[in-house]
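Report on the structure given below.
Just so you know, these numbers come straight off a predicted model, no measurement behind them. In what follows, chains are A, B, ... by sequence order, proteins preceding strands, each numbered from 1.
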Amino acid sequence: MIEIKEIEKLAELSRIEISDEEKKTFLKDIDSILGYVGQIKAVAGTANSINSREESKLKNIFREDANPHDPGQFTEDLLAVAPEKENDCIKVKKIL
Amino acid sequence: MINLKNLTISETHNHLTKGDFSAVELAQAYLSAIKETDGDIKAYLEIFPDVVEQAEEADKKIARKEEGLLTGIPLAIKDNILIKGRKCSAASKMLADYVAPYDSTVAKRLKDAGAVFLGRTNMDEFAMGGSTENSAFGPTRNPSDLSRVPGGSSGGSAAAVASDETLASLGSDTGGSVRQPASFCGVVGLKPSYGSVSRNGLIAMGSSLDQIGPITKTVADAEIIFNAIKGKDPMDGTSVETAGAISANRKNFKIGIPSDLMDTEGIDETALKNFNESAERFKSMGYGVECVNMPNVKYSLAVYYIIMPAEVSSNLARFDGLRYGLHISGKNLAEDYFLTRGGGFGIEARRRIMLGTYVLSSGYYDAYYNKANQVRSLIKNDYDEAFKKVDFVMTPTAPSPAWKIGEKIKNPMEMYLADIFTTPANITGIPAISLPSGFKKDGDKSLPLGIQLMSDHGREDLLFKAGKDFLNE
């Protein structure tokens with residue numbers, strides 16, 4: 001059983017504002033979901049050999065760091081969707 | 001008057017090239033159909049203002065004899081697939097006014113083929129849900145019964161096809177979001193093999209699970225669209241070239257039924273009876289039907305509801321209110337984040353972000369996320385073993401027909417259980433198709449039912465073959 005303060009912690013980590021009423025709803029929902037998904041803890045014999053065999057099939061894929069687009073080619077389109085901007089920059093509140 | 005009811009893509013193509021009607025006339029017929037029925041169904045979030053202009057371009061292409069199968073074919077596009085210069089909101093307040101600065105690879109390929117985009121279709125917010133009720137812009141209704149959900153998350157795309165408001169559509173499928181609404185609306189839905197269709201320009205939900213797929217009236221139509229959008233794309237590192245092809249004289253196809261999964265409680269009686277009849281139908285067509293032992297597949301839903309929220313919490317971290325999308329200003333930068341994300345995301349998105357944050361947090365990572373990945377490989381193993389014996393694994397697409405609007409919205413876990421049969425294909429990356437298989441009578445309404453066929457990775461060709469046999473195409 002998770003507690004209300006864990007919900008508050010999750011909301012904080014997720015940078016999401018939630019009301020006290022919602023905290024209760026989320027507590028009930030997340031508790032019931034964790035109860036269901038927790039059944040995998042009972043699966044026996046998930047030997048590391050299986051996991052490492054799967055992992056050996058996975059590899060990172062990178063594109064060649066070559067043929068860059070022209071500087072500024074997408075600036076206008078991308079800035080057009082920014083909520084606040086100044087000159088060719090996205091404007092944010094000061095951090096320090 | 002063009003009879004939209006019976007049109008398929010290849011027939012329409014013949015009509016267009018023979019000059020029976022033009023792409024403009026066809027587009028206008030669909031626009032009238034939308035005007036007539038979409039007030040009730042609400043499949044679309046927006047009808048594009050330039051549909052007729054797009055159709056004019058298609059007519060020119062046809063006149064120059066440069067047309068392909070999709071030239072002039074009207075399509076509806078799920079609202080999480082980017083088309084340059086058009087709004088793409090993922091049915092979220094977070095992106096309500098977002099205009100796509102580039103084309104997704106699928107949109108680019110369909111444009112090049114000369115398809116006509118009618119509009120963007122409603123969905124559960126950020127593709128999270130199985131009923132389209134999580135849309136920030138109101139639910140879509142099932143064309144078979146307006147008091148019921150069309151399924152989801154691609155509910156708008158499925159309802160639009162089922163009500164002849166488009167000839168075909170695109171959806172996206174992370175845990176069943178193409179197949180389940182196709183089943184609920186009585187149409188065909190394909191979830192391609194992971195990697196076969198580029199995800200570039202699809203608003204990400206679960207990146208190891210997401211695939212774009214067609215929703216159509218026939219299997220042949222699904223095949224045509226799949227062939228147009230598939231293939232390796234330099235913009236998606238996980239995309240691959242797939243080219244399964246059945247040898248011409250191949251016979252004796254075998255279907256496996258995972259008895260471990262069919263023992264699940266809560267399958268609707270009529271749906272189960274329909275499933276068994278469908279299996280008999282395959283037998284009568286010469287398919288072998290046998291039980292296959294897949295002991296770990298029953299954990300798919302639990303694995304899915306750990307891995308998917310984990311990926312959701314990472315993918316949706318990008319919505320910070322700074323670079324694009326909704327921005328709610330607070331006292332400082334941190335408050336901007338909290339207010340924007342609290343106000344922009346609906347309840348299901350917030351629930352999944354928080355759940356994902358939980359299963360990835362240091363104290364619970366091993367018990368949930370790590371363990372889920374281990375069980376995921378056991379499930380893959382079950383399928384690898386099954387496909388040594390059979391060509392297909394078959395289940396119902398969903399445990400029941402469409403439910404009433406509002407019936408499950410207050411109980412997310414109950415809603416999640418509807419994904420029991422569809423999530424295994426996403427977890428393993430294999431292709432799966434939902435085929436309309438009959439109806440459940442409910443008063444004067446007939447609620448569509450569907451069956452699902454899965455095949456080995458890259459073997460969509462097998463699904464098309466069996467699907468056409470099943471639907472007598």
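The pair B/R120-B/D79 meets the salt-bridge criterion, since a charged nitrogen lies less than 4.0 angstrom from a carboxylate oxygen. Using a 4.0 Å cut-off between charged nitrogen and carboxylate oxygen, B/E385 and B/K388 count as a salt-bridge pair. Salt-bridge check for B/R199 with B/D210: failed, with every basic side-chain N at 4.0 Å or more from each acidic carboxylate O. The existence of a salt bridge linking A/E8 and A/K5 is excluded, since no basic side-chain nitrogen approaches an acidic carboxylate oxygen closer than 4.0 Å. Classification of B/E335 and A/K93 as a salt-bridged pair fails, no side-chain N sitting under 4.0 Å from a carboxylate O.
Chain B forms more heavy-atom pairs under 4.5 Å with one residue of A/E84, A/K85, A/K28, A/E22 than with any other, namely A/E22. With respect to chain A, the highest number of heavy-atom pairs below 4.5 Å among B/M354, B/K84, B/M235, B/H327 belongs to B/M354. Between chain A and the options B/N411, B/L339, B/I353, heavy-atom pairs under 4.5 Å are most frequent for B/I353. Ranked by heavy-atom pairs under 4.5 Å with chain B, the list A/A80, A/A82, A/S14 is led by A/S14. Annotation: maximal heavy-atom pairing with chain B below 4.5 Å, among A/T25, A/D77, A/D29, occurs at A/D29. Ranked by heavy-atom pairs under 4.5 Å with chain A, the first of B/L326, B/V99, B/D336 is B/D336. When A/F74, A/Y36, A/F62 are compared by the number of non-hydrogen pairs under 4.5 Å with chain B, A/Y36 comes out ahead.
Contacts between B/A334 and chain A at a heavy-atom distance below 4.5 Å are absent for every atom of the residue. Both the backbone and the side chain of B/L301 come within contact range of chain A, each with at least one heavy atom under 4.5 Å from a heavy atom of that chain. At a 4.5 Å heavy-atom cutoff, B/S313 makes no contact with chain A through either its backbone or its side chain. Only the backbone of B/N332 has a heavy atom closer than 4.5 Å to any heavy atom of chain A. In this structure, no portion of A/E76 lies under 4.5 Å from any heavy atom of chain B. Both the backbone and the side chain of A/I7 come within less than 4.5 Å of a heavy atom of chain B. In this structure, chain A has a heavy atom under 4.5 Å from the side chain of B/Y416, while its backbone stays farther away. Both the backbone and the side chain of A/I33 come within contact range of chain B, each with at least one heavy atom under 4.5 Å from a heavy atom of that chain. For B/S361, no part lies near chain A; criterion is any non-hydrogen pair under 4.5 Å. With a 4.5 Å cut-off on non-hydrogen atoms, B/Y102 does not touch chain A at all. Both the backbone and the side chain of B/Y337 come within contact range of chain A, with heavy atoms under 4.5 Å apart. Neither the backbone nor the side chain of B/D320 comes within contact range of chain A; no heavy atom of the residue lies under 4.5 Å from a heavy atom of that chain. Interface remark: A/I40 contributes backbone and side-chain atoms alike to the contact with chain B (heavy atom separation under 4.5 Å).
Donor-acceptor pairing under 3.5 Å is lacking for the side chains of B/S207 and B/E311. There is a side-chain donor-acceptor pair under 3.5 Å between B/D233 and B/T105.
Around the NZ atom of A/K91, the shell of radius 6.0 Å holds no more than 12 heavy atoms that belong to other residues, nucleotides or ligands. Applying the 6.0 Å contact sphere to NZ of B/K108 captures no more than 12 heavy atoms from other residues, nucleotides or ligands.
For B/S104 (side chain) and B/L82 (main-chain N/O), a donor-acceptor pair under 3.5 Å exists by modelled atom type.
For the side chain to side chain contact (heavy atoms under 4.5 Å, CB included) with B/M294, the lone residue among B/S300, B/P258, B/P424 that qualifies is B/P258.
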B/F126/B/F319 under ring pair (Phe, Tyr, Trp, His ring centres under 6.0 Å): CA gap, chis, key distance, verdict: CA-CA 12 Å; B/F126 285 104; B/F319 297 100; 5.0 Å; yes
